[in-house]
There are 2 protein chains.
Amino acid sequence: MVEIAQRPVRAPTHPGAVLREDVLPALGLSVTAIARHLGVTRQQLHRVLSEQSGISPEMALRLGKLCGNGEMLWMRMQEAHDLWHARRKLGAELDRIPTLRADAA
Amino acid sequence: MVEIAQRPVRAPTHPGAVLREDVLPALGLSVTAIARHLGVTRQQLHRVLSEQSGISPEMALRLGKLCGNGEMLWMRMQEAHDLWHARRKLGAELDRIPTLRADAA
DNA sequence: CCGAATTGTCAAGTGAAAAGTGACAGTTTA
DNA sequence: TAAACTGTCACTTTTCACTTGACAATTCGG
């Protein structure tokens, strides 16, 4: 039985890393060319690739169209990333929040 | 055969509306009391309920713990909301983005 | 009945993050 | 060799969640 950690120790892969290491090489185009296709500045794409920017919903739509796989892939990756950092930031405070039951009215 | 619209005409329900109309009444507590449990100010909770704020990843974690249903429910609702508005904002620009095929290197 | 506490709501200010713009060094190309 | 292109950095703007302070209306204890 393999344990699937609900709270992984290390941060989930940044979407920018996938873009940089898998998608762009397969397309074989320069950052500038991809940015032109996406309709964003090459500077903004560069920030995503260098993991200085996350994937906004707008960017997810653009990438989803460009790659043909839809926006959900990018939304999911960013979501995993955001949740991991939010949970890390909240820390023990989450444990102090009770789970309330709805009383049948 | 019922048509499921991929791009619904009207905006998806705001998570704050669900919280306001379904969750809070079932719990039978005041906004202030809920906010205290969540560990946020009553002003911030009010902004969510009045749909002036969205659900941040942090807030999703708090609500997930409080309701006992996990954070994904709230993340999904906010995601649907964000994507709908992003697509509306992008408009025809999305159509101008080509779908590129990866050339087998 | 009245004063105090609580509650809902509004407005201004803070901080973080995405995105635009300008600049610059290194490389490619004609 | 000069011009165009590319990657990268720094500055600015904008948006949004969140904090804080304030205030009117309501609830509650003496």
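All chains are named by letter (A, B, ...) in the order of the sequence lines, taking the proteins before the strands, and each is independently numbered beginning at 1.
Distance CD (B:Gln52) to P (C:dA12): 14 Å, rounded to an integer number of Å. Straight-line distance from the CG atom of B:Leu49 to the P atom of C:dT7: 15 Å, rounded to whole Å.
Residues from residues 54-74 of chain B that place a heavy atom under 4.0 Å from any atom of DNA chain C: there are none. Shown for residues 31-47 of chain B: residues whose heavy atoms fall under 4.0 angstrom of DNA chain C, namely B:Val31, B:Thr32, B:Arg42, B:Gln43, B:His46.
For the side chain to side chain donor-acceptor pair (under 3.5 Å) condition, the pairs that include at least one residue of residues 58-81 of chain B, sequence neighbours left out, are A:Arg76-B:Glu79, A:Glu79-B:Arg76, A:Arg87-B:Glu71, A:Lys89-B:Glu58, A:Glu93-B:Arg62, B:Gln78-B:Asp82.
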**OP:** Mark up nucleotides 25-30 of chain C, 5' to 3', with B wherever a protein heavy atom is under 4.0 angstrom from a base atom, S wherever such an atom reaches only the sugar-phosphate, and - elsewhere.
**Re:** ------
Which atom pairs, donor and acceptor, lie under 3.5 Å between side-chain atoms of residues 31-43 of chain B and protein residues at least two apart or in another chain?
unit_1, atom_1, unit_2, atom_2, d
B:His37, ND1, B:Ala33, O, 3.4
B:Thr41, OG1, B:Gln44, N, 3.1

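Here A:Cys67 contributes atom SG and A:Asp22 contributes atom CG; the two are 10.5 Å apart, rounded to the nearest 0.5 Å. In this structure, A:His14 NE2 and A:Glu21 CD are separated by 12.0 Å, a value rounded to the nearest 0.5 Å. With rounding to the nearest 0.5 Å, the separation of OG in A:Ser53 from CZ in A:Arg47 is 5.5 Å. Distance check: A:Leu83 CG to B:Met75 CE gives 4.0 Å after rounding to the nearest 0.5 Å. Atom CG of B:Leu94 sits about 11.0 Å away from atom CG of A:Leu66, to the nearest 0.5 Å. Atom-to-atom distance recorded for A:Asp95:CG and A:Leu90:CG is 10.0 Å, nearest 0.5 angstrom.
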**OP:** Check the pair A:Met77 / A:Val18 against side chain to side chain contact (heavy atoms under 4.5 Å, CB included), numbers first and verdict last.
**Re:** CA-CA 9 Å; A:Met77 279 196 286; A:Val18 178; 3.7 Å; yes
Subject >> Evaluation steps, side chain to side chain contact (heavy atoms under 4.5 Å, CB included), between B:Leu100 and A:Leu29 >> reply: CA-CA 10 Å; B:Leu100 302 182; A:Leu29 295 175; 3.8 Å; yes
**OP:** Applying side chain to side chain contact (heavy atoms under 4.5 Å, CB included), run through B:Ile97 and A:Leu61 and close with a yes or a no.
**Re:** CA-CA 10 Å; B:Ile97 300 179; A:Leu61 287 172; over 6 Å; no
**OP:** Test side chain to side chain contact (heavy atoms under 4.5 Å, CB included) on A:Leu63 and A:Val23 and set out the steps.
**Re:** CA-CA 10 Å; A:Leu63 289 173; A:Val23 179; over 6 Å; no
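Protein chain A touches strand DNA chain D; the 5'-most and 3'-most nucleotides with an atom under 4.0 angstrom of its non-hydrogen atoms are D:dT6 to D:dA10.
Residues that satisfy the side chain to side chain donor-acceptor pair (under 3.5 Å) test with B:Glu51, not counting sequence neighbours, are B:Arg20.
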